[in-house]
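Below is one structure, written out as structure tokens; comments come after it.
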Amino acid sequence: MSEGKTGNRGSDAPSQMAPFDVWAEWMQANMGPMTATPGTSVPWLMMPGVRTGEETAELPEGAVRNDPLLSTVEKLWDANPMQSVLPIDWMEITRSLQTLWAREMSDPARAMERATDFNARLFGATMKSWQEATYRFWGLQTSQDNEEGRTDKRFSAPDWEQNPYYETLKASYMLASEYLLEEAEETNGEDTAEQRRLKFHLKQFVDAMAPVNYLLTNPAALKRAFETGGASLAEGARNLLADLQEGRMSMTDANAFQPGENLAITPGKVVYRNELIELIQYEPTTDKVHETPVMFIPPWINKYYILDLQPKNSFVKYLVDQGYTVFMISWKNPDASMEDTQFEEYMTKGPLAAAEVVRDITGAEKVNPVGYCVGGTLLAITLSWLSAGEDENPFGPPTFMVALHDFTEVGDTGVFIDEPQIEFMEQQMLERGYLDNRKMANMFNLLRSNDLIWSNVVNNYLLGQKPPAFDLLYWNSDGTRMARDAHSFYLRNTYLENNLIEPGKVEIKGRPIDLSRIEGDIYAVGAEKDHIVPWASAWKISRLANGTTRFTLANSGHIAGMINPPSKGKGRYWATENGGAFDTSADWRENAKEHEGSWWEDWSRWLDDQSGEQVNPPEMGSEAYPPIEDAPGTYVKEK
């Protein structure tokens, strides 16, 4: 293509698109020759046929959104069998790169300044790498000798610090990544949904382009291939073919775990079953128990046994050993026959039906409910629904674990939920009767793509190793489907329209839902690094409900922050007596007191005050609800 209007391509001055040049060379080295390089015509950053330089000023607003290239990229990737194991949205990545390119070219002077700075930093990093290689050759001390640890576990192989070629490659990648992500942050103070989507997809691109993800630039993979005489490459190919046949990437050894054998093994009985739930009652381990039982309402988008993995990290076992009578809802995995299941049925046949069974078996007046994630959203709706009618409320003080009620800020999950995407999901559900579990799994995996996607690419395909046996990853892969009608209602009234924060905007069985009707004592917990439910959003129940909320903030993320048994001796949390006493989450954080250990212990002390006297343990089941089978039951094993 012509270079007549490329500015400085033919001079000694640095290219305005120098960081993009790095990506071009990288793509050419690892993914085959490209037809053009940034700075001339950029196929993944602009409209075909439009060159850089002054012509960008003539681009109509939004031109990059109507690019035929995007349709081509989408069709090619959809036809590629690899898309089943690598759920990367290359069309959105291409769109984001185009948008960033257009932003760069709207201010050529600033682009030149940034490119000059980039080239200077890259030259400095290269010189440093070779200088320190020389120092090591002569046995002299280097600056790396004084550095503590490594900040990026992807580059843990010694070659990334000891081999000047790999060290320079790493530095180039890091600098180009930093450049792209910094440019994405240039928002002029705006934080729109489109801007968040841009940053998310650029981060996906940066993660995907890491040199460790490619055989020829992964020193550990090359070393292993040499040591095994190529056997590791053959094993990697076999692993890839097996995943392609399965239609998804293996994240853990699927044969290492089985619910009822080495997961979800806390002794108990299924004491109730309807078409939507099984209710599990766990056997007591203490001579006396608290008078008021505890009932978990887990999310139906996952299986319940995240709360009962293995004895060493089972939340259920911890509570049973603390002298609580514990019940667990286990949701049925929907199929096409359940496509007309209404959202209200998740309430009436879920927590409401289960609470009556619990009260019959235990003789307790109240049941202390615990709603986890989506289960917490359902619990709040149920409590509001009860308060709007004349029904007896069977529930005591509720606990909300990383639960959303105000969906104004939903973190990176908002990237996947807008009107077009929901319409697309609804069309898929209309054809099948449900949403396939892989759609949800892909979304959550992309939120942590380095840990859940690319680390497995390296381990399984490049190193030719079997996936590790990890209980949490097995649970993460053991997904559930979504019933069409109920899931559509949920997405539209929460993520899309955020109707729950408007009193009366949502009606369930003729009753208006108003979260301010929730009164009394409340316990809520968020997670500091949660990528699914931002902790500041989990805190908002303190303001939405008309009660006294003890809000606790656990460190770590959506899962690890919640599943943190005290026996590990790790973790910390922050807490205040009344989270609703503060106007904002930032005010709460400023006044919260930090504690060492697990938030489980803090919650157990709060729960102790809400659970009555010590009594003899109830029998397993009752005359009306005799035990049906041993825990974990049937529904949790359905694929």
Working note: Val402 + Ile532, criterion side chain to side chain contact (heavy atoms under 4.5 Å, CB included); need CA distance, chi angles, decisive distance, verdict. CA-CA 9 Å; Val402 287; Ile532 297 173; over 6 Å; no

Considering all heavy atoms of both residues, which atom of Ser314 and which atom of Asp308 are nearest to each other, and what is their separation? OG-OD1, 2.6 Å

Just checking, is any N or O donor in the side chain of Glu423 or Gln427 under 3.5 Å from an acceptor N or O on the other one? no

Which word best sums up how the rings of Phe205 and Trp90 line up, parallel for under 30°, tilted for 30 to 60°, or perpendicular for over 60°? perpendicular

When rounded to the nearest 0.5 angstrom, what is the spacing between CG in Asp89 and NE2 in His201? 5.5 Å

What is the distance from atom NE2 of His487 to atom CD1 of Ile301, rounded to the nearest 0.5 Å? 7.5 Å

Hey, does the side chain of Asn218 reach the backbone of Val212 with a donor-acceptor pair shorter than 3.5 angstrom? yes

Salt bridge check, Arg224 against Glu227: does any charged N sit closer than 4.0 Å to a carboxylate O? no

At their closest point, which heavy atom of Gly479 faces which heavy atom of Asn437, and how far apart are they? O-ND2, 3.6 Å

Audit row: Ile563, Trp475, side chain to side chain contact (heavy atoms under 4.5 Å, CB included) steps and yes/no: CA-CA 13 Å; Ile563 309 304; Trp475 168 83; over 6 Å; no

Can you tell me how far the CE atom of Met209 sits from the CG atom of Leu180, to the nearest 0.5 Å? 11.0 Å

d(Asn213 CG, Ser455 OG) to nearest 0.5 Å is 9.5 Å

Does Glu161 form a side chain to side chain contact (heavy atoms under 4.5 Å, CB included) with Tyr166? I'd like the steps, not just the answer. CA-CA 7 Å; Glu161 293 186 357; Tyr166 287 115; over 6 Å; no

Give the intermediate values and the outcome of side chain to side chain contact (heavy atoms under 4.5 Å, CB included) for residues His531 and Arg448. CA-CA 8 Å; His531 58 288; Arg448 293 179 57 200; 3.3 Å; yes

Here the pair of heavy atoms bringing Ala264 nearest to Tyr305 is CB-CB, 3.7 Å

I'd like to know if the side chain of Lys303 reaches the main chain of Glu638, judged simply by a donor and an acceptor atom lying under 3.5 Å from each other, with no hydrogens or angles considered. yes

Sole residue of Asn333, Asp478, Thr480 in side-chain hydrogen bond (donor to acceptor under 3.5 Å, both in side chains) with Lys639: Asp478

Centroid-centroid distance, Phe200 to Phe416, less than 6.0 Å: yes

Polar contact flag, side-chain donor to acceptor under 3.5 angstrom, Gln310-Asp471: yes

State whether Asp152 and Lys170 are salt-bridged, where the test is any N-O pair (Lys NZ or Arg NE/NH1/NH2 against Asp/Glu carboxylate O) under 4.0 Å. no

Contact check, side chains of Asn476 and Met251, non-hydrogen atoms, under 4.5 Å: yes

Would you tell me whether Asp530 and His558 have side-chain atoms, one donor and one acceptor, within less than 3.5 Å of each other? yes

Show the nearest heavy-atom pair for residues Ala157 and Pro219, with the distance to one decimal. CB-CG, 4.5 Å

When you measure from the side chain of Ser177 to the backbone N and O of Tyr173, does any donor-acceptor pair fall under 3.5 Å? yes

Judged by atom type as modelled, is there a donor-acceptor pair below 3.5 Å linking the side chain of Asn445 to the main-chain atoms of Ala441? yes

Should Gln421 and Tyr495 count as side-chain neighbours, where that means a heavy-atom distance under 4.5 Å? no

Under 3.5 Å, side chain of Ser537 to main-chain N/O of Val533, donor-acceptor pair present? no

Flag the pair Arg248 / Val85 as yes when at least one side-chain heavy-atom distance between them is below 4.5 Å, and no otherwise. no

Check whether any side-chain heavy atom of Asn460 lies under 4.5 Å from a side-chain heavy atom of Glu235, and answer yes or no. no

Any donor and acceptor pair, going by atom type alone, linking the side chain of Asn442 with main-chain N or O of Arg438 inside 3.5 Å? yes

Side chains of Tyr372 and Leu307, heavy atoms from C-beta outward: is any pair under 4.5 Å? yes

Leu97 versus Glu92: any side-chain heavy-atom pair under 4.5 Å? no

Around atom NZ of Lys312, are there more than 12 heavy atoms from other residues, nucleotides or ligands closer than 6.0 Å? no

Are Asp207 and Ser449 linked by a side-chain donor-acceptor pair shorter than 3.5 Å? yes

Between Arg197 and Val415, which heavy-atom pair has the shortest distance, and what is it? NE-O, 3.7 Å

Is there side-chain contact between Leu496 and Phe407, with at least one heavy-atom pair below 4.5 Å? no

Contact summary for Val636 and Pro259, nearest pair of heavy atoms: CG1-CB, 4.5 Å

Quick one: does any side-chain atom of Thr252 pair with a main-chain N or O of Pro468 as donor and acceptor, under 3.5 Å? yes

Can you find a side-chain donor-acceptor pair between Asp243 and Ser250 that sits under 3.5 Å? yes

Would you check if Phe155 and Pro211 make a side-chain contact, meaning some heavy-atom pair closer than 4.5 Å? yes

Is Asp159 salt-bridged to Lys223, going by a charged N under 4.0 Å from an acidic O? no

Quick one: CG on Leu452 to CG on Leu447, what's the gap to the nearest 0.5 Å? 9.0 Å

Within the distance-only criterion (no hydrogens, no angle test), does the side chain of Arg481 pair as donor or acceptor with the backbone N or O of Leu435 below 3.5 angstrom? no

First locate atom CE of Met249, then atom CD1 of Ile453, and finally report the distance between them rounded to the nearest 0.5 Å. 6.5 Å

Measure from the side-chain N and O atoms of Lys199 to the backbone N and O of Ala184, and report whether any donor-acceptor pair falls under 3.5 Å. no

Just by distance, with hydrogens left out, do Asn456 and Tyr461 show a side-chain donor and acceptor under 3.5 Å apart? no

Between Ser598 and Asn564, is there a donor-acceptor pair closer than 3.5 Å when you use the side chain of the first and the backbone of the second? yes

